[in-house]
Amino acid sequence: AVPFVKQYYSGGAQGIRAGQPQSLGPGSYHMPDTVYPDQYGDIKLELNAEYRFDITSTWKGAFFVDIGNIWAISKEDERQGALFKFSDFYRDLAVGTGFGIRADFNFAVIRIDGGIKVRDPSIISDESWILFNQPLKFNDILWNFAIGYPF
């Protein structure tokens, strides 16, 4: 396994913005709700796309889609569904989307992003496509505050 200090996590303001920091993965592993999010993996695959547009000269808007996850490479990892398998890793991909607003001061960017889970790989069924299987509520939006652009 990769040393702890060199491992990856996903979720939060710099990753899959629809997930809490360190709460996503590894793979399709489902972390018990009673445990503080602290998930790490040896491999990280992530794709972020963001459409940015001007509202005013200082205020900017953005729509985004984030896809990815983390995985373990050691067969000794005891977390069910955590191991990376090239043949079916695509089933473990989390998908999040959302919108954001940025204050661009030329020397610093302050941003707030609202992320919504589209797909949660820890749910092993057709219900993993969250956005399409339940009505969207305001509480389903995860708000991230950050300084600087996400990538």
Side-chain angles (χ1 to χ4, degrees), residues 2 4-33 35-55 58-73 77 79-105 108-151:
V2 176
F4 180 76
V5 296
K6 293 188 176 186
Q7 289 186 326
Y8 299 101
Y9 71 90
S10 192
Q14 306 298 336
I16 309 293
R17 290 169 270 184
Q20 300 260 354
Q22 303 173 4
S23 66
L24 179 63
S28 62
Y29 174 71
H30 178 70
M31 178 181 54
D33 293 333
V35 177
Y36 180 78
D38 195 17
Q39 300 301 344
Y40 290 91
D42 305 318
I43 299 173
K44 181 177 185 176
L45 177 65
E46 192 170 285
L47 172 72
N48 308 92
E50 186 170 280
Y51 173 70
R52 299 174 184 155
F53 56 92
D54 293 342
I55 298 171
T58 302
W59 293 97
K60 316 291 183 190
F63 294 108
F64 60 84
V65 175
D66 301 323
I67 302 171
N69 205 338
I70 57 171
W71 291 269
I73 57 173
D77 195 309
R79 296 173 290 184
Q80 182 70 28
L83 193 61
F84 180 82
K85 296 177 185 170
F86 187 77
S87 61
D88 62 353
F89 78 94
Y90 64 92
R91 293 182 185 143
D92 294 338
L93 293 174
V95 180
T97 189
F99 56 91
I101 190 162
R102 288 95 168 87
D104 188 346
F105 300 111
V109 175
I110 299 172
R111 65 183 169 92
I112 297 176
D113 292 324
I116 303 164
K117 285 185 181 180
V118 175
R119 184 171 189 282
D120 185 348
S122 68
I123 301 172
I124 310 294
S125 72
D126 292 337
E127 302 291 316
S128 67
W129 292 95
I130 295 170
L131 191 60
F132 306 114
N133 287 315
Q134 64 187 26
L136 183 63
K137 299 179 296 245
F138 186 77
N139 290 346
D140 293 334
I141 301 172
L142 179 68
W143 297 99
N144 293 288
F145 173 78
I147 297 174
Y149 283 113
F151 50 89

Roughly how far apart are Ser28 OG and Asn69 CG, rounded to 0.5 Å?
8.5 Å
Closest contact, heavy atoms only, Phe145 versus Ala13
O-CB, 4.4 Å
Above 12 or not: heavy atoms from other molecules or residues under 6.0 Å from OH of Tyr51?
no
How about Asn48 and Ile67: do any of their side-chain heavy atoms sit closer than 4.5 Å?
no
Report, as yes or no, whether the 6.0 Å neighbourhood of atom CH2 on Trp143 holds more than 12 heavy atoms from other residues, nucleotides or ligands.
yes
Give every donor-acceptor pair under 3.5 Å between a side-chain atom in residues 87-104 and any protein atom, sequence neighbours left out.
unit_1: Asp92; atom_1: OD2; unit_2: Trp71; atom_2: NE1; d: 3.0
unit_1: Thr97; atom_1: OG1; unit_2: Phe64; atom_2: O; d: 2.7
unit_1: Arg102; atom_1: NH1; unit_2: Asp113; atom_2: OD1; d: 2.4
unit_1: Arg102; atom_1: NH2; unit_2: Glu50; atom_2: OE1; d: 2.9
unit_1: Arg102; atom_1: NH2; unit_2: Glu50; atom_2: OE2; d: 3.3
unit_1: Arg102; atom_1: NH2; unit_2: Asp113; atom_2: OD1; d: 3.2
unit_1: Asp104; atom_1: OD1; unit_2: Asn106; atom_2: N; d: 3.0

Is there a side-chain contact between Ile73 and Ile43 in this structure, where contact means two heavy atoms from C-beta onward sitting under 4.5 Å apart?
yes
Would you say the side chain of Leu136 lies within less than 4.5 Å of the side chain of Ile116, judging by non-hydrogen atoms?
yes
Nearest atoms (heavy-atom pairs only) where Ala72 meets Arg79
CB-NH2, 4.4 Å
Hey, does Ile55 have a side-chain heavy atom less than 4.5 Å from the side chain of Lys60?
no
Going from CG on Asp77 to CG on Leu83, what distance comes out if it is rounded to the nearest 0.5 angstrom?
7.5 Å
May I have the step-by-step check of side chain to side chain contact (heavy atoms under 4.5 Å, CB included) for Leu24 and Ile70, ending in yes or no?
CA-CA 8 Å; Leu24 179 63; Ile70 57 171; 5.9 Å; no
Partners of Phe105 by ring-ring contact (aromatic ring centres under 6.0 Å, His included), sequence neighbours excluded?
none
Within 45° of the six-membered ring axis of Phe63 and under 6.0 Å from that ring's centre, is NZ or CZ of Arg52 located there?
no
To the nearest 0.5 Å, how far apart are NZ in Lys117 and CD1 in Ile16?
11.0 Å
What are the two closest non-hydrogen atoms of Trp129 and Arg119, and how far apart are they?
CZ2-CD, 3.3 Å
